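Every number for a ligand or one of its atoms is a count from 1 in the order of the listing. What you see is a predicted model, and the numbers here were worked out from it, not measured in a lab.
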Amino acid sequence: MKLPRFTYSLLAAAAFSSALGVNTCNAAPSDDARISVGQHQFSSSCAMCHATEKSQGTIVGPNLSGVYGRQIGKLAGFQYSETLRNAKGTWDEATLNAFLKSPQAAQPGTAMPFSGLKNDDARSALIAYLKSLH
Ligand code: HEC
């Protein structure tokens, strides 16, 4: 049977959205919940200094869009402390966890004026949120 062209588009759209539906179901709901807890944490502890949309540029600290997996202290155009500028490695689970628990202990001399988020659950949710920023 020959279907009009738009029917194929509808079928493709339906297939696509059901694929999305499957993904949404597979993603443990707790992931989304953790991200939203982390986002809340971010709004109260970080957002006054860090933008999360690339287009928002710099506030006090470097823009954090895509921070997960990014090299430490290397975002072009941001004036880092010597500590972060010379730091090696990338922002991953371990480096973010240590830095957010105690910025000064993890990166002595960092210019980030934040004493640290000591609660393990809150920090882990916050990192889940940072991971979701692209
Ligand atoms: C009062 C302002 C301020 C607050 C609050 C703050 N930051 Fe920062 N942040 C900075 C500054 C300034 C730097 C750059 C530090 C340096 O150069 O040593 C920085 C650096 C960072 C970096 C390194 C980014 C890179 O490009 O290497 C991360 C990650 C980060 N902050 C995450 C956070 C998170 C998450 C929070 C909330 C828990 C937070 N910051 C709270 C000001 C702040």
Worksheet item: Counting N and O atoms only, with roles assigned by atom type, does the side chain of Lys74 sit under 3.5 Å from a partner on the main chain of Ala87, one being a donor and the other an acceptor?
Response: yes
Worksheet item: Side-chain donor-acceptor pair under 3.5 Å between Asp92 and Thr95, yes or no?
Response: yes
Discussion item. Within this structure, what is the OG-CG distance for the pair Ser44 and Leu126, rounded to the nearest 0.5 Å?
Written reply: 9.0 Å
Worksheet entry | Arg70 vs Leu64, side-chain contact (heavy atoms from CB on, under 4.5 Å): CA-CA, chis, key distance, verdict | CA-CA 9 Å; Arg70 190 163 91 188; Leu64 295 182; 4.3 Å; yes
Worksheet item: Is a side-chain donor or acceptor of Tyr80 paired with a backbone partner of Leu75 at a separation under 3.5 angstrom?
Response: yes
Discussion item. Less than 4.0 Å is my threshold; does some heavy atom of Leu96 fall inside it relative to ligand 1?
Written reply: yes
Practice prompt. List the steps, then state whether side-chain contact (heavy atoms from CB on, under 4.5 Å) holds for Ile72 with Gln107.
Written response: CA-CA 10 Å; Ile72 299 174; Gln107 298 286 348; 4.2 Å; yes
Response to the item:
Protein-side N, O or S atoms sitting under 2.8 Å from atom 8 (Fe) of ligand 1 are His50 NE2, Met112 SD
Item to complete: Considering heavy atoms of the protein only, find what lies nearest to atom 5 (C) of ligand 1 and give residue, atom and distance to 0.1 Å.
Response: Ser45 O, 3.3 Å
Fill in: Ligand-side contact atoms (ligand 1) for residue partner Leu126, heavy atom cut-off under 4.0 Å
35 (C), 38 (C)
Discussion item. Contact between ligand 1 and Arg70 is defined here as a heavy atom of the residue under 4.0 Å from a ligand atom; is it met?
Written reply: yes
Worksheet, complete the sentence: Interatomic distance, OG1@Thr52 vs CZ@Phe42, rounded to 0.5 Å, equals 5.5 Å
Practice prompt. Decide if atom CD of Glu82 counts as having more than 12 heavy atoms of other residues, nucleotides or ligands within a radius under 6.0 Å.
Written response: no
Item to complete: Start with the C-alpha gap between Met112 and Leu100, add the side-chain angles, then the distance that decides, and say whether side-chain contact (heavy atoms from CB on, under 4.5 Å) holds.
Response: CA-CA 10 Å; Met112 177 156 123; Leu100 297 175; 4.3 Å; yes
Response to the item:
Atoms of ligand 1 under 4.0 Å from any heavy atom of Leu84, numbered from 1 in the order shown, are 15 (C), 16 (C), 18 (O), 23 (C)
Discussion item. Side chain or backbone, does Trp91 bring an N or O within less than 3.5 Å of an N or O on ligand 1?
Written reply: yes
Discussion item. The criterion is salt bridge (Lys or Arg N to Asp or Glu O under 4.0 Å); which residues satisfy it with Asp120, sequence neighbours excluded?
Written reply: Arg123
Discussion item. Gly73 versus ligand 1: do any nitrogen or oxygen atoms come within less than 3.5 Å of each other?
Written reply: yes
Fill in: atom 15 (C) of ligand 1: the protein heavy-atom neighbour that sits closest, reported with distance to 0.1 Å
Thr110 OG1, 3.5 Å
Worksheet item: Who's closest to atom 22 (C) of ligand 1 heavy-atom-wise, of Phe78, Phe99, Tyr129?
Response: Phe99
Worksheet item: So between Pro113, Gly38, Ser43, whose heavy atom ends up nearest atom 42 (C) of ligand 1?
Response: Pro113
Worksheet item: Any N or O of Tyr80 that comes nearer than 3.5 Å to an N or O of ligand 1?
Response: yes
Practice prompt. Decide whether the shortest distance between a heavy atom of Leu117 and an atom of ligand 1 is less than 4.0 Å.
Written response: no
Item to complete: Using a 4.0 Å heavy-atom cut-off, say whether Thr83 meets ligand 1 through its side chain, its backbone, both or neither.
Response: neither
Worksheet entry | Point-to-point distance, once rounded to the nearest 0.5 Å, from OG of Ser102 to CZ of Phe114 | 10.0 Å
Worksheet item: Are the side chain of Asn97 and the backbone of Ser124 linked by a donor-acceptor contact shorter than 3.5 Å?
Response: no
Item to complete: Just go through Ala87, Ser81, Ala111 and tell me whose heavy atom is the nearest to atom 17 (O) of ligand 1.
Response: Ser81
Worksheet item: What heavy-atom pair brings Pro108 and Thr83 nearest, and what distance separates the two atoms?
Response: O-OG1, 2.9 Å
